[in-house]
Amino acid sequence: MTPPDDPAIVRVLAADGTFAPSPEAERYLPLIDALAVDDLQTFYRDMVMVRAFDLQATHLQRQGQLALWPPSFGQEAAQVGSVRATRPQDHIFPSYREHVVATTRGVDPIDIIRVMRGLTHGGWDPTDPRNGNTHIYALVLGSQTLHATGYGMGLVFDGRTGTGDPDSDAAVIVYYGDGASSQGDVHEAMVFANSYRTPQVFFLQNNQWAISVPVATQSRAPLHQRAAGYGMPSVLVDGNDVLASYAVSRVALDAARAGGGPQAIEALTYRMGAHTTSDDPTKYRTSDEEHSWAQRDPIVRLKTYLESKGAASVFFDEVDAEAQAYADDVRVRTNALGGLDASDMFAHVYSEFHPLMAEQERWLADYESAFEGGAS
Amino acid sequence: MTPPDDPAIVRVLAADGTFAPSPEAERYLPLIDALAVDDLQTFYRDMVMVRAFDLQATHLQRQGQLALWPPSFGQEAAQVGSVRATRPQDHIFPSYREHVVATTRGVDPIDIIRVMRGLTHGGWDPTDPRNGNTHIYALVLGSQTLHATGYGMGLVFDGRTGTGDPDSDAAVIVYYGDGASSQGDVHEAMVFANSYRTPQVFFLQNNQWAISVPVATQSRAPLHQRAAGYGMPSVLVDGNDVLASYAVSRVALDAARAGGGPQAIEALTYRMGAHTTSDDPTKYRTSDEEHSWAQRDPIVRLKTYLESKGAASVFFDEVDAEAQAYADDVRVRTNALGGLDASDMFAHVYSEFHPLMAEQERWLADYESAFEGGAS
Amino acid sequence: MTVPSIGTATLTMPFAKALNEGLRAAMTDDDRVLLMGEDIGRLGGVFRVTEGLQAEFGDRRVLDSPLAESGIVGTAIGLAMAGFRSVVEIQFDGFVFPAFDQITSQLAKITNRHEGALSMPVVIRIPYGGHIGAIEHHQESPEAYFTHTPGLRVVSPSTPNDAYWMIQDAVRSSDPVIFLEPKAKYWMKGEVDTAQRAVPLHASRIVRRGTDVTLVGHGAMVSMLLQAAALAEGEGVSCEVIDLRSLSPVDYGPILDSARRTGRMVYAQEAPGFTSLGSEVAATVMERAYFALEAPVLRVSGFDVPFPPAKLEGVYLPDVDRILEAVDRALAY
Amino acid sequence: MTVPSIGTATLTMPFAKALNEGLRAAMTDDDRVLLMGEDIGRLGGVFRVTEGLQAEFGDRRVLDSPLAESGIVGTAIGLAMAGFRSVVEIQFDGFVFPAFDQITSQLAKITNRHEGALSMPVVIRIPYGGHIGAIEHHQESPEAYFTHTPGLRVVSPSTPNDAYWMIQDAVRSSDPVIFLEPKAKYWMKGEVDTAQRAVPLHASRIVRRGTDVTLVGHGAMVSMLLQAAALAEGEGVSCEVIDLRSLSPVDYGPILDSARRTGRMVYAQEAPGFTSLGSEVAATVMERAYFALEAPVLRVSGFDVPFPPAKLEGVYLPDVDRILEAVDRALAY
Ligand SMILES: Cc1ncc(C[n+]2csc(CCOP(=O)(O)OP(=O)(O)O)c2C)c(N)n1
Ligand SMILES: Cc1ncc(C[n+]2csc(CCOP(=O)(O)OP(=O)(O)O)c2C)c(N)n1
Ligand SMILES: [Mg+2]
Ligand SMILES: [Mg+2]
């Protein structure tokens, strides 16, 4: 059984773009009905824009501008749906492939580029309101789930959640992958989250692969079933259906913020591209599989649906043009990125004075200036 | 709801010793019926003997003979039931409170004493047939679950399991506690066990406490429910009912050895004593709670049942005498234990030659002999 | 730094109690301070360092965490992101390793990763070291793992007064601090001046003046060094004793100054010697005080073996005799 | 050790291929040898070190593990208990820390804990170090954490020939071996003599003779040291270069001998300097070759900061110039 055919799945749009809610989707339909055409167009635009950016970044890597690029290609619906379900006060803890999530919350794509270019380990300041409470990428798989839980504990302790007002009650959403689900930290995050009843959504993007390892190696049982063991509600969603992803995320986030404790979502999706630009998926997966998933492309699906709802082709053209401009702008700005100052290395290792930093920074400056002076 | 009243529990003997199988116990009754009176008497003897030993060890600690003693008091039925369900070829991975398990498999109690006296970190040789494939105690909580899983992988790779012959197919049983269940290693052990379908039983003794922390802090949901998330069958058993513990363990072990993959058991029991001799439970739990569990004493329960089946009082007297002699013997041998040779420290750090060991051992020997010679 | 005396409030109390009082003061000063750990609430910790604090500050500020060290440190990091200052207790030294990734790859590096946009005021208290006759994993001295990790500060008090002040300073620090508590000292009584701060967190302290050999160590080693110095004095050897206090950064100024004055140094620690903090201090002192030394810096340490069973800890751990043997060797150069 | 020459079979191949061939030979020699790790099977590892081995030996001997490092090392331990010899691949240096407890408290100590009744023939291969312009966690040099841990052996080859033989010797060892593969060297070609074993696993090797200064390092640093030596020669300075090869134990004999001959030593490593292997070697050489040295042992290392973003790795990592600067300083004493 291909996972997306699991009867328990929440799906609103069929792979061919028709409106065909699965039985499990019934309860979410009021939320879908409440979406205006504008909202759907926003979802569509989000996905197209970031796909263009993602493709651009892949090209930039090929041109030697980036050290590495992990594409979000194929996972746009899972990401847009969930992030559009967040509220402004929510905190977002991505893993490292959540380009759609980050940019939709306000992160400047160039900041992601800077990470992958080797200019910074972080990229953006999560405390800067422009970044929409988006925390930086986590490269040690699973580590971020505990940070999210800790943040959620803080929300509980501060009474910033669970008061009953969805416009001020905050929640946390943390993203992780099918591979990361095997890490001990993810388990511990669920233990703590359920112990402290954090207002938290564990959002698992099951894109079928952890580099070359299929999800079946991580688990023989559907991953969303893990949640029940902690006493946590969970839902399986078609992650290539942006409407379903939106609806389940909205419900889960609002349940969490209302004091319902942590919630789990498994979004079935597919990494349509390589793991990263260093990877060659032909080594481990069939083109049949890739083709079958190409039939479920999340952007095509929503486009077909929008067309069936009467969206004009000019809309699509506009979005394409906008996406192209967005991606071009990233290229231009990437090419204009400057370098780093060696002393940056020492500046933020500690928040407070540290003698070794002062000493080594001074040594390096002296050494480099002696060098420039010609002495060696 | 007190956990032992969970309707899903497997229980054969009620707390008052009457034969009163719970609905979930029905399927195990043939196994219980197959037990001869001799078997029941063996279970009884095991429990009484080790309780006497356990009490003796506690006294020895109070007398300054041991650094520490973690009592098994109260958990005898969970341990005897499960270990008597193993077969000779099985491998046992205890945590650190499994005195009943270890001694029933053949470990000399003095070897456990030696660990707690500070004479050895290991105590016994798991490769010595006399120790019944009992691995040594694990003090880093949860770490042993991965070793058990790795061992189980080895059994699979070597074809030493799953052939269909229960007399030669081997299984592994690993013990851990409700507190340890929160550790990432336990999760990872379950992930690997299910991925490689190891012939393994995860035996959780939920004794309600992790030192001073109640099980509710580790999980709001019953812990046995975790197993389903990995695709692993699980069962909840009254761990103070030795018959039920035996039956569920037998079934799980045989299912595992037959190629059914890993299995989970949660045995609800109670740590009737202190966490260790360093602990003072009055700081964190009520005497009401202790009294209510005293009513469920596993030894009393089986004794009442045996009496109801017509066991003669001479049998109980004999067991008591035997237990007393056993405990006395431990005391005598403890008092006779010798010391250690300093060079032991260097002997087994590596299996092969290591220059630093040779050098430091020589240094120490020279230093000590210079000392004895009066030079300082 | 001369501070006008504002009257003294000197109390005598055991080391563990001084930590308890220091934590109480830190929690009273700043209601963002939380304590987290296994059994620290109702039980007050296995060494009773947090005794009474949950009763006083409530279970939202003194948390009995689930039993998972990576979880504890990882959630402390998330709490720091939410503006809290967590003090984590690791129950025993040997149980810090499951949290190692969260400490070294996360806690230590998060401020740097954020280019200073986030600080990480998390203290990790670790009862460490031997001398209590415990079973395995309850007597490790893991300082080298942490001092080698950029982004961490590592300190260790050796007296009740330092315990009282250093824990408060550690809590106030905006950087992560590994706070190593010599468990052999928990029951040692000493004077605590609750009115006046001792030396700064990262200063070393000369605890005995001397002219022939400098002895350096931290934690439980300090009293051992003082005993050795007293015995050496009887044989006409004058030892200066320095309590490191801060293991990262090391306050090299007074140490180098002392080495230059005495020309000889012995460094003592409980941890295995190979690639240890003792290696670092020895190498740096020999490099920087090169011309002033009359002998190499000698190291006295645990052997390069796993901490042995308790009955051998007396042989494993450096004692006064082994320190004196090194002093003799240093003098023989 | 003189072995009668049994004919040579010298092939030229890249470092990664030499490891691959070494693993193939080890697996052929002993069918208890298993490979475990993330993406090592069908993909052949992210550096292709295990390429083709799953196809050749089957998926029961080359396991694509679930994604959990503690799980991988912990199950490798259980497999060792069941009589297997596992070679674990950690995908990148920065991802070894989740396995830290299983490595330091379990793997390293199990033989000792069992008083020798069980051996632990587990090899942990870690692609380590910088020079490849990678993102965070992909360029660490974590050797000090392991060399400080009793019970582990730690080695690092610097040439294809050593890669080929040392991996086989590591697999044959009955003790756990941390096998650090300098990822900067994976693509470097060199001659491999498949007929005749090189020096023993724990021997250091003098790779260039010299008389004025001894340069010591391991992994990718060795070729850097050789370049520095070549440049120094142009300025009339004769450098001896020693490839450590074994980081624990350190083969001190040849190192001390060299230090005594040249009187000067520079130690170079990529890892941060504080409490590092460089501290250890420097301290020990200064202690043991005390009277023979003309200058302190100088250390060149990564700065005591988290490994910086790739665009700064050229500044962070010791290079030929920084080595030469230290050589000059050593000579100036
Ligand atoms: C702790 C850790 N181990 C290994 C890696 C190397 N690694 C990076 S991504 C990856 C696969 C991740 O798979 P998954 O969690 O499914 O996320 P996806 O790449 O599919 O988005 C691996 C093994 C890592 N980053 N962290
Ligand atoms: C990794 C780790 N952390 C902390 C400890 C200290 N410790 C020893 S026993 C214990 C409680 C264990 O509770 P549980 O797993 O329920 O087993 P029980 O003691 O009830 O048998 C703790 C916290 C430890 N041994 N290992
Ligand atoms: Mg994936
Ligand atoms: Mg318990």
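Because the structure is a prediction, the values reported are computed rather than measured. Hydrogens, waters and symmetry mates are skipped; everything else that's a heavy atom, side chains included, is used. So you know, we letter chains A, B, ... as the sequences are listed, proteins then strands, and number each from 1.
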Chain C contacts, top residue of A:V140, A:L139, A:T127, A:D125 (heavy-atom pairs, under 4.5 Å): A:V140
For A:H187, is it the side chain, the backbone, both or neither that has a heavy atom under 4.5 Å from a heavy atom of chain C? neither
Chain C contact via A:V156 - side chain, backbone, both or neither, heavy atoms under 4.5 Å: both
Interchain contact, A:F346 with chain C, by part (heavy-atom threshold 4.5 Å): neither
Under 30°, 30 to 60°, or over 60°: which ring-plane class applies to A:Y96 and A:H275, parallel, tilted or perpendicular? perpendicular
Quick check on the interface: out of A:T149, A:T198, A:D128, A:D158, who has the most heavy-atom pairs with chain C under 4.5 Å? A:D158
With a 3.5 Å distance limit and no angle check, can you tell me whether A:Y350 reaches the backbone of C:L152 through a side-chain donor-acceptor pair? yes
When you compare the side chains of C:S246 and C:R153, does any donor N or O come within less than 3.5 Å of an acceptor on the partner? no
Side chain from CB out, backbone as N, CA, C, O: work out which of these in A:S143 comes under 4.5 Å of a heavy atom of chain C, or both, or neither. both
Between A:T120 and chain C, which part of the residue has a heavy atom less than 4.5 Å away: side chain, backbone, both or neither? both
Counting heavy-atom pairs under 4.5 Å to chain C, which of A:F192, A:Y151, A:W124 comes out on top? A:F192
Side-chain polar contacts of residues 356-366 of chain A - donor-acceptor pairs under 3.5 angstrom, sequence neighbours left out - could you list them?
from   : atom 1 : to     : atom 2 : distance (Å)
A:E359 : OE2    : C:R288 : NH2    : 3.0
A:Q360 : OE1    : D:D304 : N      : 2.8
A:Q360 : NE2    : D:D304 : OD2    : 2.7

Pairs touching residues 175-193 of chain A that satisfy salt bridge (Lys or Arg N to Asp or Glu O under 4.0 Å), sequence neighbours left out: none
